[in-house]
Amino acid sequence: MNSSTIDLHVHTTASDGTLSPSDTVRRAAELGVTLLSITDHDTTDGIPEAQQAAAASDIVLLSGVELSVGSGEREIHVLGYFMDPNHRPFQTILSKLRGARDVRNERILARLKELGASVDPQRVRHIAGDGSVGRPHIAAALVEAGHVASQGEAFGRYLARGKPAYVGRERLSPADAAQAIREAGGLSVVAHPAKSGLIGQIEDLVADGMEGIEVFHSDHSERDVEILLGIAREGNLLVTGGTDSHGPGSGKWVEIGSVAVPEWVGEELLRRAPQAERTQR
Ligand code: AMP
Ligand code: ZN
Ligand code: FE
Ligand code: FE
């Protein structure tokens, strides 16, 4: 079984990854990836550039996104595949979510200032480039300002949930996220359920409209995969997998395509693709 050619979870500079969408696609192609999805946080802005690069390679690129949704105290990541990036209501929702990030980031910077670890908001904006701003960008600014030695330390001391500069943000409910993805022509998948401690909540999330679970992931153990495959089989859920790579030099770098995702995962996902996506092949 050829198992290292599928990667359905990759971030780019459109959010908090370090490689541009086209460099991501080129690197994936060099590494032998044939089925790829770019899944940036709360944005599909990287997709057109990635699509162009994919057209010049052997890669089949699926439109993707990763939404942070809320369920009480819990943060749940939801992957969306096959959405039409030009679907206006979907883009309106994404831009609201990015707006909520900006509000939160301001509050994080205010907390950091109180804690004696000031960073310049313009540096954060500059580090994020054109992309959707996330905590990794603030972590990079903290390193740059000399307040911490590494991005890991920035999360450990300040930014992780439960740490003094952690601030939550307004989020969609799981049901609203699933509906938004569906209306844009996409399928929603619960991202890294074992990593997020959501194994006991999968049934509820399926009731909310999720159609699949991410089984294969760089932070999932073999045992996690076994458990999740059982749940997927029992609930007749779509199975996906990917690395969650954020590119070289990111906080915790995982190489694109380095998680073994079986071929049947790609085949079954493509079988669910909207017509347009299938004829592209
Ligand atoms: P945000 O989207 O702004 O909430 O930031 C979430 C991103 O921060 C994740 O996708 C990870 O890339 C990164 N992240 C979250 N927690 C940690 C951590 N403890 N150490 C390093 N990076 C983290
Ligand atoms: Zn990320
Ligand atoms: Fe995630
Ligand atoms: Fe991710």
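All residue numbers refer to positions in the sequence shown, counting from 1. Atoms within each ligand, like the ligands themselves, are counted from 1 in listed order.
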* **Heavy-atom gap H77 to ligand 1 smaller than 4.0 Å** => no
* Structure fact -> The protein heavy atom nearest to atom 10 (O) of ligand 1 is H41 NE2, 3.2 Å
* Asked: With a cut-off of 2.8 Å, does any N, O or S atom of D40 fall short of it relative to the Zn ion (ligand 2)?
  -> no
* Structure fact -> Nearest non-hydrogen protein atom to atom 9 (C) of ligand 1, with distance, is D16 OD2, 4.2 Å
* Please state whether the rings of H41 and H11 are parallel, tilted or perpendicular, taking 30° and 60° as the class boundaries. => parallel
* Measuring from the Zn ion (ligand 2), name the closest N, O or S atom belonging to H41. => NE2
* **E66 to ligand 1, any heavy atom closer than 4.0 Å** => no
* **I181 and its side chain to side chain contact (heavy atoms under 4.5 Å, CB included) partner, picked from L187, L67, D176** => L67
* Structure fact -> Looking only at protein heavy atoms, what sits closest to atom 17 (C) of ligand 1 is F155 CD2, 3.3 Å
* Asked: Of the backbone and side-chain N, O or S atoms of H246, does one lie nearer to the Zn ion (ligand 2) than 2.8 Å?
  -> yes
* Out of T34, V254, I256, which one pairs with D7 under the side chain to side chain contact (heavy atoms under 4.5 Å, CB included) rule? -> I256
* **Short N-O contact, E170 and R104, less than 4.0 angstrom** => no
* If you look at H77, which of its N/O/S atoms is nearest to the Fe ion (ligand 3)? -> ND1
* Check whether any heavy atom of R104 sits under 4.0 Å from an atom of ligand 1. => yes
* Cationic N near anionic O, under 4.0 Å, R223 to E226 -> yes
* Is there a heavy atom in Q151 that sits closer than 4.0 Å to ligand 1? -> no
* Asked: What N/O/S atom of E66 is the closest to the Fe ion (ligand 3)?
  -> OE2
* **G152 touching ligand 1 at heavy-atom level, < 4.0 angstrom** => no
* Under 2.8 Å: N/O/S of H192 next to the Fe ion (ligand 3) -> yes
* Asked: Got an N, O or S from D244 under 2.8 Å of the Fe ion (ligand 3)?
  -> no
* Asked: Short N/O distance, under 3.5 Å, between E75 and ligand 1?
  -> no
* Asked: Mind checking whether P193 and H220 have side chains closer than 4.5 Å, heavy atoms only?
  -> yes
* How are the rings of H77 and H192 set to each other: parallel, tilted or perpendicular (split at 30° and 60°)? -> perpendicular
